[in-house]
Every structure is written in structure tokens, then in C-alpha cells.
Colleague: 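Here it is, the structure, as C-alpha cells.
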Number of protein chains: 2
Amino acid sequence: MRQDGDLISRLSEQGYRLTPQRMLVLSAIANSDHHISAEEIYAQVVAKYPYVNISTVYRTLDLLKRLDLVTETDLGGGRVRYHPVDKGHHHHLVCQECGAIIDLDESVLSSLQSHLLREYKFSADLRHLAIFGRCTNCNQ
Amino acid sequence: MRQDGDLISRLSEQGYRLTPQRMLVLSAIANSDHHISAEEIYAQVVAKYPYVNISTVYRTLDLLKRLDLVTETDLGGGRVRYHPVDKGHHHHLVCQECGAIIDLDESVLSSLQSHLLREYKFSADLRHLAIFGRCTNCNQ
DNA sequence: AAAACTTATGCAAGCATTTGCAATTAAAAC
DNA sequence: GTTTTAATTGCAAATGCTTGCATAAGTTTT
């Protein structure tokens, strides 16, 4: 709980206003123990402060992405999920058959990252990738 | 031109009906020289056969995905793009700054694929991946 | 502390895509 | 060749997310 101080101070450092709406979005993300969706954030925010629009949630998420404070990952299921950068990066293997999600350490993709930088001079953002496929069970 | 015979025969082999709508979607994909979007397919289809609904286009694309005849790739820009599987797989490095797209040979990810299979028993679908990041120019 | 400027929000409309349902079409059974 | 059954479509509504615009709130200048 209450690890949102970091996100909040980063925002104000950079000259952004700490509106009530933003504070609520920030603490919803910081206090969540999983990869949270915009809809889930919105539900938490509205519970405390009813007159907030969901577009404000999306705009705040957009800001946090631009400032590299949260990562955005599409884990399937039709909605994108968010995770604070300072809680560590990792990747996900998503089974398209049963929906199982296997967490993967960041290091698994680090050689790919350096390969792309060396051969293509491309700085890949591989902080939070979802790789789709089939897990052992579903691959029979 | 006219490489859609393959897609069409594959569909009928598997017992699916070859409706006019499907034929038009199929030939739009097969005759396109780039990664085509649903909206582009729809425009081509409607030009020849006006009473087609866009949901039919999406449903046909869905069918083709399930049958592994086309791949779906999110290259950014808010819409997903489609490509026939038999025209070869490759990956894309997408620059989030300038939008440049660098094509990447399939082989670049084959060692990752075998690693995931060996270590995690996960059969990753790495046929047509988009990796986001920054190209040389935009990375200053 | 009022005026001028900038930032952030709410609202409504828009976009790409999906889905439920009823109507149409084709295939299978008789 | 009807009847029964199943597959496919169109339509309209819904979903997740984005955007334009007017209002509101906060900053800066004077």
C-alpha cells in the first residue's frame, strides 16, 4: 500500500499539476498488485470522487506512459493493462487457447534487444512484452 | 495478381462456403502488395458489391486467422493489419517517434522461439511480430 | 488582485472492432 | 423436391479507447 508517493513526486517535479483526478488514478495504479486495466482504475476513482470522466483516466495514463512511469501491455481479452515501471519489468507468455499467463524474466529478451541495437541500430522498447502462443497443456 | 486461388481452395477444402462476400475479401488480401487493413479491404469489397457489411469483413478475417491463412499485426496507427501467411513471415521494427518501419527477417526471432519452447515449453507464435522502439535517427 | 495565458477536465461524438439476434441462404435428410 | 438443419449475413447496438471543443481551474504577468 501507499507506494504512490513516487509517482506523485515525479509528476510534480516535471511541472504537472496534481489534480484530485490524477492523484486518484496514480494511487489506483500504485496500490494495485496486478496489471490493472483502465476500467478498473476508473471504478476505483469514481468510488471516491464520482464526477470524474473516463477520458481523464485515459489522458492520465497517456501522460504516465509518456513520462515512462507506467508501461502498457496488451495481454489479450480486448483491454490493455497498465503497470508501474518502478515495480520491475517482466514479460508474459499468453496462451491463446486457455488464457494462462506465464511470467517471464526481463533477461530473456535482453539478447534480442542488444542484437537489434547492434544489427539494426534500433532501440527496442522491450520492457513489458506479451508473446502469444500455446502452453504445454494446450499444445497437447 | 490473382494469387487468391490458394486461399479459396483452402477454405473450400475445410468445408466452408465460398460466398461472394468471402471471395471478395480473399482476393483483396491476396492481391494486396502490403499489409492491408480491414477498412481497406472493405473499401475494395464494397466497390464491387455494395451490399456488404463491414462486420462480414471482420468475421471473414477472423475465420482466416483461425485457419492460419492470414496473420494479424498491430503496426500502430490505431488499426490492425493483415497479411497472407503464404507470402512469407517477417517482423517489423516500428519507430514510435517517426513511424518508420524496418522489416526484419523471420530468422531473427527463431532462437527466441526455441528458447521459449525449451525452457518454458511454450510454443510462441512469432510469425509476424511488431516490436516498438526508436530508430537511429530518432534516438539522436 | 485583475487580466492574460496555460493547463486540465467533462461532455459528446467519433473510431475500430465485436457481438446478439433475426433474416437469408445453402446443404443435408427425407 | 420439400422439409429440416446448419452456416452466413446484415443490422443495430455495444465495447474500449480517442479526440475536438467549450468550460473550469490554476499560473503568471502586470
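Throughout, protein chains are lettered first and strands after them, A, B, ... in sequence-line order, and every chain is numbered starting at 1.
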Colleague: Has the side chain of A/Arg17 got a donor or acceptor that lies under 3.5 Å from a partner of the other kind on the base of C/dT7?
Modeller: yes
Colleague: Rounded to whole angstrom units, what separation is found between the CG atom of B/Leu24 and the P atom of D/dT8?
Modeller: 16 Å
Colleague: Distance check needed: C/dT25 P versus B/Asn53 CG, whole Å only.
Modeller: 15 Å
Colleague: C/dT17, OP1 or OP2 - any side-chain N/O from B/Tyr58 closer than 4.0 Å?
Modeller: yes
Colleague: Could you state the atom-to-atom distance from CG of A/Asp74 to P of C/dA16 in whole Å?
Modeller: 18 Å
Colleague: Which one, D/dT8, D/dG20, D/dC11, comes nearest to the side chain of B/Ser55?
Modeller: D/dC11
Colleague: Considering just the side-chain nitrogens and oxygens of B/Gln21, establish if one lies under 4.0 Å of OP1 or OP2 belonging to D/dG10.
Modeller: yes
Colleague: Between A/Asp62 and A/Arg59, is there a side-chain N and carboxylate O pair less than 4.0 Å apart?
Modeller: no
Colleague: Distance check, rounded to the nearest 0.5 Å: B/Thr136 atom OG1 versus A/Phe122 atom CZ?
Modeller: 9.0 Å
Colleague: Rounded to whole Å, please give me the gap between CD in B/Glu39 and P in C/dC15.
Modeller: 9 Å
Colleague: Please report, rounded to the nearest Å, how far the C1' atom of C/dT24 is from the CZ atom of B/Arg59.
Modeller: 13 Å
Colleague: Look at all strands and tell whether B/Arg22 reaches a base, only sugar-phosphate, or nothing, counting heavy atoms closer than 4.0 Å.
Modeller: sugar-phosphate
Colleague: Sub-3.5 Å donor-acceptor pair from the side chain of A/Ser114 to the main-chain atoms of A/Ser110, do we have one?
Modeller: yes
Colleague: In whole Å, I'd like the distance from the CG atom of B/Asp62 to the P atom of C/dT19.
Modeller: 8 Å
Colleague: Out of C/dA26, C/dT17, D/dG10, which nucleotide sits closest to the side chain of B/Ala38?
Modeller: C/dT17
Colleague: Consider the side chain of A/Thr19, meaning its heavy atoms from C-beta on, and name the nucleotide among C/dT9, C/dT17, C/dA16 that approaches it most closely.
Modeller: C/dT9
Colleague: Check A/Asp68 with A/Arg127, please: is the shortest side-chain N to carboxylate O separation under 4.0 Å?
Modeller: yes
Colleague: For C/dG10 and A/Thr56 - does any side-chain N or O of the residue sit under 4.0 Å from the phosphate oxygens OP1/OP2?
Modeller: yes
Colleague: B/Ser37 near the nucleic acid: base, sugar-phosphate alone, or nothing, with a heavy-atom cut-off under 4.0 Å?
Modeller: nothing
Colleague: For the residue pair A/His92 / A/His128, report whether a side-chain donor-acceptor contact shorter than 3.5 Å exists.
Modeller: yes
Colleague: Take the protein atom CG of B/Leu64 and the nucleotide atom P of D/dT8, then report the distance between them rounded to whole Å.
Modeller: 12 Å
Colleague: Rounded to whole Å, how long is the line connecting atom CG of B/Leu61 with atom C1' of C/dA16?
Modeller: 13 Å
